[in-house]
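Report on the following structure.
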Amino acid sequence: MSKRFRFLIVLGILALCFVFLLPSIRWYFWTPRQDQARALAPRERIRAYASGTALEHLENLVSLARAGGDMPPELSFLTREARSVYRASRQSLPERWTAAAVLRAFSRQEAFTMIETHYREQIFALRDLQRSAVQLGLDLSGGLSIVLQADTNALRERLGQNLTDADREDAIERALDVLNSRIDRFGLTEPVIRRQGTDQIYVEIPGTADPERINDIIMGRGSLTFHIMDEDATAMFNALYNANPAAVFDARGELINPGIVPADVILRGVFERDEFGLDVHRRNAQGNRDFVAVKREIGLDGNHIRSAEVRQNPDPMVRTPIVAFNLDPEGGEIFYRLTSANVNRPLVIVMEDRVRSIATIREPIRDTVSLSGFAADEARNIALMLRTAALPVELQVVNQQSIGASLGEDTIRRGLNALLLGITLVLVFMLFYYKAAGINAVVAQLLNFYIMFSVLSAFNFTLTLPAIAGFILTIGMATDASVIIFERIKEELRLGKSRKAAVELGFDKAFWAIMDSNITTFIAALFLSQLGTGPIRGFAVALAIGVFSSVFTSLFVSRLMFDFGTDVLRSKNLSISWVPIRANDQTVKGTN
């Protein structure tokens, strides 16, 4: 392999690593703290901020329009939209884009919506950026510590029988599996999820103490159910409700007259996600809240769902996707009886007493269920809800602690100081002991850390204190590789070899010694990552990343630097030792 090709490979890898590392750089160094806090706030606060800011800007814009003022720079996007409106309506463009000229293109509500959308998209873009950056673990950034209690009484009532020890054990284990699938989506998101006692689960979630994270954990706590809609009761209730909405519900949201719906029917509100990802009660054509009447009897419990995914519609003329989910054998039999008796009737998916989806039963279905008529985003949300909504046992938060980031900042400072001190001492030693050749080791070590953190960012791993310890350990491993190579080169120089031959033979003879030690370390890290959890897994993954990066920088990058000095700079000497190197009892000329 030519030096030019190897050099291009190194440049390509460094450029790719920079792309991987860029989100972390943008989030931690280029994004102001105020914007970070705003992006990590709960969605309710984001909506309040975007709406409040939009209203403030709109009022300011109206005042400027009355005074004949110019457009504020922060609202320049409205000028672009107004220009498009003027052109679409074939109006002549104003000579100067004042606030009044821009507002003439929109209604007040349209202007408010565009400003609100602008700020919402800005914040959500920062949220996406934060998810792409290196995540900090609970010990570095703070987060949530939660104790969840399994409600075995509710499980007993739902099953209609007394629970045995095996039933409780199975329910807790299945709940642990569901929680792991929700939170630990990758091997190193660094949550700690473990059983505590007989009926409790302990969870640690790193990051900003956001209550939404708790809702994500316990969402759908055993309340995902399928019901048959009572169309006659729904039509009758909606006619009464639309005629006089104030006379149907009391202040608590309860029916004033429960007798307006049959005894075997319950009312459920239809909810949908708004632009901020929050559940809002859907409004009907009359502007009132939308309700449907469903059979009180549960047609199918969500615990029978094994898997759910979004698939492409088999009909090439229909572009909308379908949501397909599979049932276990017992659920398949239940669902087959349900759908056989209710062909061409609406099937309602209810989660936490909220209607999430309504589909029409076209034919009897046993094992695999397909739902259609959704947009792509809605289909993905429904599939995710079906996969993770139903827990085998209801979970209740009995203890919640918010761990502040101040302790994490102190830990980060101490950890980084230890890391920098270790690197500095190692690099100073290499430069002092191996003279100019130590520069190769220094460059290789710096590139080693650059690559490691880039991989950490690329795969959205979580940086924890044990992970930092794993990186520190790679300092010694990478230094050990450089020492082996340099000592081999010195041995060849003692035999009277030229610089080029000594470097070539030194790397060849050091190759398997370095590979053997790194392969065994990687095997140990692999076992730790598979058998360990939480901090142990973080340490193991960081160590495994360091093995790959240190081998690449020691054997590939360092070799390229030696060859560059030999073939490009035409260097005959090799400054690698303070002690004169002798060949056959004669000092080898050209060495220092």
Quick one: side chains of residues 443-452, donor-acceptor pairs under 3.5 Å with protein atoms, not counting sequence neighbours, listed by atom name and distance.
{"unit_1": "Gln445", "atom_1": "OE1", "unit_2": "Asn448", "atom_2": "ND2", "d": "3.4"}
{"unit_1": "Gln445", "atom_1": "NE2", "unit_2": "Thr479", "atom_2": "OG1", "d": "3.2"}
{"unit_1": "Asn448", "atom_1": "OD1", "unit_2": "Ser549", "atom_2": "OG", "d": "2.4"}
{"unit_1": "Asn448", "atom_1": "OD1", "unit_2": "Ser550", "atom_2": "N", "d": "3.2"}
{"unit_1": "Tyr450", "atom_1": "OH", "unit_2": "Leu14", "atom_2": "O", "d": "2.9"}
{"unit_1": "Tyr450", "atom_1": "OH", "unit_2": "Phe18", "atom_2": "N", "d": "3.0"}

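When the shell of 6.0 Å around CZ of Phe548 is examined, it contains 12 or fewer heavy atoms from other residues, nucleotides or ligands. For Tyr433, the OH atom sits in a loose shell: 12 or fewer heavy atoms of surrounding residues, nucleotides or ligands are nearer than 6.0 Å. Remark: Arg83 CZ is packed, more than 12 non-hydrogen atoms of other residues, nucleotides or ligands lying under 6.0 Å away. Counting heavy atoms of neighbouring residues, nucleotides and ligands inside a 6.0 Å radius, atom CZ of Arg195 exceeds 12 of them. Open room surrounds CZ on Phe7; 12 or fewer heavy atoms of other groups in view lie less than 6.0 Å from it. Residue-environment remark: CZ (Phe527) stays at or below the threshold of 12 foreign heavy atoms within 6.0 Å.
Summarising the geometry of Phe124 relative to Glu275, their closest heavy-atom pair is CE1-O, 3.5 Å, with the distance given to 0.1 Å. Ala525 approaches Leu543 most closely through the heavy-atom pair CB-CD2, 4.2 Å. Contact detail for Leu148 and Ile146: the closest heavy-atom pair is CD2-CG2, 3.7 Å. Closest approach of Met430 and Ala441 over heavy atoms only: CE-CB, 3.5 Å. Summarising the geometry of Ser454 relative to Phe20, their closest heavy-atom pair is O-CB, 3.4 Å, with the distance given to 0.1 Å. Of all heavy-atom pairs between Ile123 and Ala39, the closest is CG2-CA, 3.8 Å.
Considering only heavy atoms from C-beta on, Asp563 comes within 4.5 Å of Arg6 through its side chain. Residues Arg127 and Ile46 are in side-chain contact: their nearest non-hydrogen atoms beyond the backbone lie under 4.5 Å apart. Between Gln122 and Asp35 there is no side-chain heavy-atom pair separated by less than 4.5 Å. Annotation: side chain of Leu456 is in contact with side chain of Phe453 (closest heavy-atom distance under 4.5 Å). Using a 4.5 Å heavy-atom cutoff, the side chains of Ile439 and Tyr434 are not in contact. You'll find the side chain of Leu555 reaches within 4.5 Å of the side chain of Ile485, heavy atoms only. Side-chain atoms of Leu75 and Val102, non-hydrogen and from C-beta on, never get closer than 4.5 Å to each other. Using a 4.5 Å cut-off on side-chain heavy atoms (C-beta onward), Arg559 and Glu504 make contact.
Distance check: Arg499 CZ to Phe562 CZ gives 7.0 Å after rounding to the nearest 0.5 Å. Between the CG atom in Asn518 and the OG1 atom in Thr474 there is a gap of 10.5 Å [rounded to 0.5 Å]. Expressed to the nearest 0.5 Å, how far CD1 of Ile201 lies from CD1 of Ile172 amounts to 5.0 Å.
Listed for the Ser517 side chain is a donor-acceptor partner under 3.5 Å among the backbone atoms of Ile514. For Ser571 (side chain) and Gly565 (main-chain N/O), no donor-acceptor pair under 3.5 Å exists by modelled atom type.
Using cut-offs of 30° and 60° for the angle between ring planes, the Tyr49 and Tyr119 rings count as perpendicular.
Arg488 pairs by the salt bridge (charged side-chain N to carboxylate O under 4.0 Å, His left out) definition with Glu491, not counting sequence neighbours.
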* Trace of the salt bridge (charged side-chain N to carboxylate O under 4.0 Å, His left out) decision for Lys490 with Glu487 -> CA-CA 5 Å; Lys490 288 165 66 174; Glu487 292 300 323; 3.4 Å; yes
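When each of Leu22, Val19, Leu21 is checked for a side-chain contact (heavy atoms from CB on, under 4.5 Å) with Ser457, only Leu21 meets the rule.
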